[in-house]
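In what follows, a structure is listed as structure tokens, so that the remarks can point back to it.
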Amino acid sequence: MSASIEHAAVVRRAPGPTTIPFGPQHPVLPEPLHFDLVLEDEKVVGVVPQVGYIHRGLELLIDKRDFPDYVHVAERICGICSFMHGMGYCESVEGLFATIVPDRARWLRTFWCELERVQSHLLWLGLAADALGFENLFMATWRARELVVDVAEETAGGRVIFGSAIVGGVSRDPDDETLKRCLAAMRDVRAETLRLADVMIREPTVRHRLDGVGTLSHDDAYILGAVGPMLRASGHDYDVRSRNYAAYGEIEWKSVVETAGDSMARALVRIREIEQSFAILDRVVATMPAGPVSVPVRGMPPKGESWVRLEQPRGEVLYYVRSNGTRQLERFRVRTPTFANIPAMVAAFKGSSLADVPTIALTIDPCISCTER
Amino acid sequence: MSTLEKSPWLIHYDASSCNGCDIEVLACLTPVYDAERFGCIVTGDPKQADILLVTGSVNNLNEPVLKNIYEQMPEPRAVVAIGACAYSGGVFADCYNVKGGIAKVIPVDVFVPGCAARPEAILDGVVRAAGLLAERRRAMGRGKRGTVTEGEAS
Amino acid sequence: MREQIDGKAIETIVETIEVASLLGRVSALRAAGWRIVQILGISTDATIELSYSFGLGHEMRVFRFNAAGEVSVPSITPIFPGAYLYENELRDLFGVQIQCISVDWLGKVYDVAADRPFSRIKVTLPSSEGGRP
Ligand code: SF4
């Protein structure tokens, strides 16, 4: 036995690239993200993403469900952006029927979308803080996030799976008093979030780990098809909310753009978006119109197809439905933001050092559940 | 049960869940629900874990991973299946790539209902699993060598 | 095809093309500053229809053609290097024969329980051997 140890000690690894797996169970992420990293010493020279741990094939359920019932499946594409998934599916079916959704429903949808964005970005901020070694900040962020989740529960009925989107509008109608009270309850969260984010991005050790790390160039981001904060952090002003779905056309907002393209820029985009979303929430409640919250959508969906694009916390998502004139739609397709971001993510990893891989992964904020569906 | 005898260490595995239940598991560990007040701590190492929390259903790819984690855990151990997916596949039960609940692969002690499961329910599941752990520990005759267990002391 | 958003119609132009002209059309779009949005497959009983979507600002343009059976489709990864995931997905889930994808999982991108689960037609594929790369 001792002989073999001595023997092992004199065998040197031949110089050249080594491949090591990152994931699928990695402490920084709750989800099974898996990469094969090709390393030359400490430097990442190649990355092969490995997916499939969460693939369910839920797009195929579309012809096993009636079209109004599929919303429940669509909401569970991903628990972090569940309302937007449900709503995106509804909008695409409404596109088939050419349904006009009542104003109040559009405003409520906007409210829940922004609530979800705040919730998702806070979740990200917490996980990022944890990955950078600030457990305390993680806990504090999640405590703040709980208040946002409480508002979701009070207004929509669910904590993570909101369950309030239906084809033709929304299923819940919180009154204006409730909405105002909820906003007031979130005022502290808003201040607290700003304070926490400020603590994080001023901290020299954080800056050291994020500044200039995992840079994605302006051109790469575009050509590789990146979306959302990842694209905007590389200097592209592209936010699908400018397509004026829901009430975004009638409410003032501005897309958040950074130009550096590094991990810090991606973090800053999200942090500024939290603040922006709180402001949108205020405006939504202030201008909330009265009226019904849904219109009945009956009968068979007309033959045809419909495309819808929305801006989720992680970026542009695309929904596609095709109907053959029966109650079961023929095809449902969702192209989720992380799916589009994977090639850009791979590009951001290349050239970084192994120790930076977890933090870069976090600033990209991948959502594996929606990627694999 | 009012107090826990030991501090159970948790390990969380995300089989093919939609993230909804995972977020709630994480929420359980953060200040508002605070599972740590029961002495629970999340570990990434199955060899140090007492309770396995599983969200989501099994498929071909994650089945061996799940089995592997379970087999590495020392006895006594307990398994908590969280959410409708972990019970039966939930809304995804009809999907071609979903084999069904995790009970098909490893023995489950506590099923936590919900889609998504509420943090309160998850906490309850953890506490129940901790109770089972204590029973199993006694059944295994631990503590007979020198130390006195709670039950015997009273 | 019209996409209705709040009564406002935003044009999504769908164009049926020949497989042979795919690469030419796609490179023309890239030169004009478009980006890739997605590739979609739809299987009917007889064929698999592919729709390549590209976006520029709010506009979207879709190239559509049928790719059943022996039709072999060139990979667009030389033009849009980020398209490899879509193409692997199409090949593994639908059985579309896409040639020369830059990052290739050899039929195991998801490692699913069924063979070509999204396809409703019978296609004979050359067997793809080997595990994940
Ligand atoms: S039980 Fe529901 S919320 Fe939980 S993972 Fe499954 S689908 Fe998601």
Side-chain angles (χ1 to χ4, degrees), chain A residues 36 48-55 57 59-60 91-92 94-101 103 106 220 222-227 231 236 238 240 242-250 304-309 316 318 320 322 324 330-331 333-335 339-344 346-347 371-372, chain C residues 1-14 30 33-44 49 51 53-60 62 64 77 79-86 88-89 92-93 102-105 108-114 117-120 131-133:
Chain A
D36 284 342
V48 182
Q50 301 284 16
V51 291
Y53 291 89
I54 306 196
H55 178 69
E59 288 175 356
L60 285 187
E91 287 211 342
S92 55
E94 286 153 11
L96 285 178
F97 279 96
T99 309
I100 306 284
V101 176
D103 280 352
R106 288 198 288 129
D220 277 358
Y222 192 77
I223 285 304
L224 294 174
V227 294
L231 183 64
H236 295 274
Y238 180 67
V240 192
S242 60
R243 290 169 62 85
N244 299 341
Y245 63 90
Y248 290 106
E250 286 117 296
E305 59 183 359
S306 151
W307 309 77
V308 163
R309 283 188 280 169
E316 175 200 70
L318 176 138
Y320 172 86
R322 175 184 282 189
N324 51 9
E330 194 179 350
R331 176 86 165 103
R333 152 86 168 167
V334 49
R335 199 298 322 272
F339 197 95
N341 272 336
I342 284 183
V346 166
T371 306
E372 302 181 3
Chain C
M1 197 63 229
R2 296 188 148 237
E3 178 183 3
Q4 294 277 345
I5 291 179
D6 309 335
K8 255 174 261 147
I10 296 170
E11 213 75 45
T12 294
I13 302 163
V14 180
R30 165 157 180 179
W34 291 64
R35 60 185 197 98
I36 179 149
V37 175
Q38 61 110 30
I39 307 175
L40 157 81
I42 300 177
S43 177
T44 58
E49 181 191 285
S51 303
S53 322
F54 301 89
L56 180 66
H58 293 165
E59 281 174 75
M60 195 158 84
V62 180
R64 184 168 282 174
T77 47
I79 306 163
F80 285 104
Y84 57 83
L85 266 176
Y86 302 111
N88 274 284
E89 199 182 67
D92 299 354
L93 302 183
S102 62
V103 182
D104 196 330
W105 280 267
K108 293 261 184 183
V109 64
Y110 288 127
D111 213 355
V112 292
F118 281 60
S119 169
R120 293 182 191 148
R132 319 186 117 219

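Residue numbers begin at 1 in each chain, while the letters A, B, ... track the order of the sequences.
When all heavy atoms of A:R333 and C:I39 are compared, the pair lying nearest together is NH2-O, 3.0 Å. Shortest non-hydrogen contact noted between C:G55 and A:Y222 is O-OH, 4.1 Å. Smallest separation of non-hydrogen atoms from C:F80 and A:I223: CD2-O, 3.7 Å. Heavy-atom minimum distance, C:Y84 versus A:P343: OH-CA, 3.6 Å.
Annotation: the span from C:S51 atom OG to A:R331 atom CZ amounts to 9.5 Å, rounded to 0.5 Å.
Inter-residue side-chain proximity for C:R35 and A:H236 is flagged as unmet; no heavy-atom pair is nearer than 4.5 Å. Side-chain contact between C:L40 and A:W307 is present, with at least one heavy-atom pair separated by less than 4.5 Å. By the 4.5 Å heavy-atom criterion applied to side chains, A:R335 and C:Y86 are counted as neighbours.
Proximity to chain C (any heavy atom under 4.5 Å) is shown, for A:A344, by neither the backbone nor the side chain. Looking at A:Y320, only its side chain comes within 4.5 Å of chain C, counting heavy atoms on both sides. For C:V37, the parts sitting under 4.5 Å from any heavy atom of chain A are the backbone and the side chain alike.
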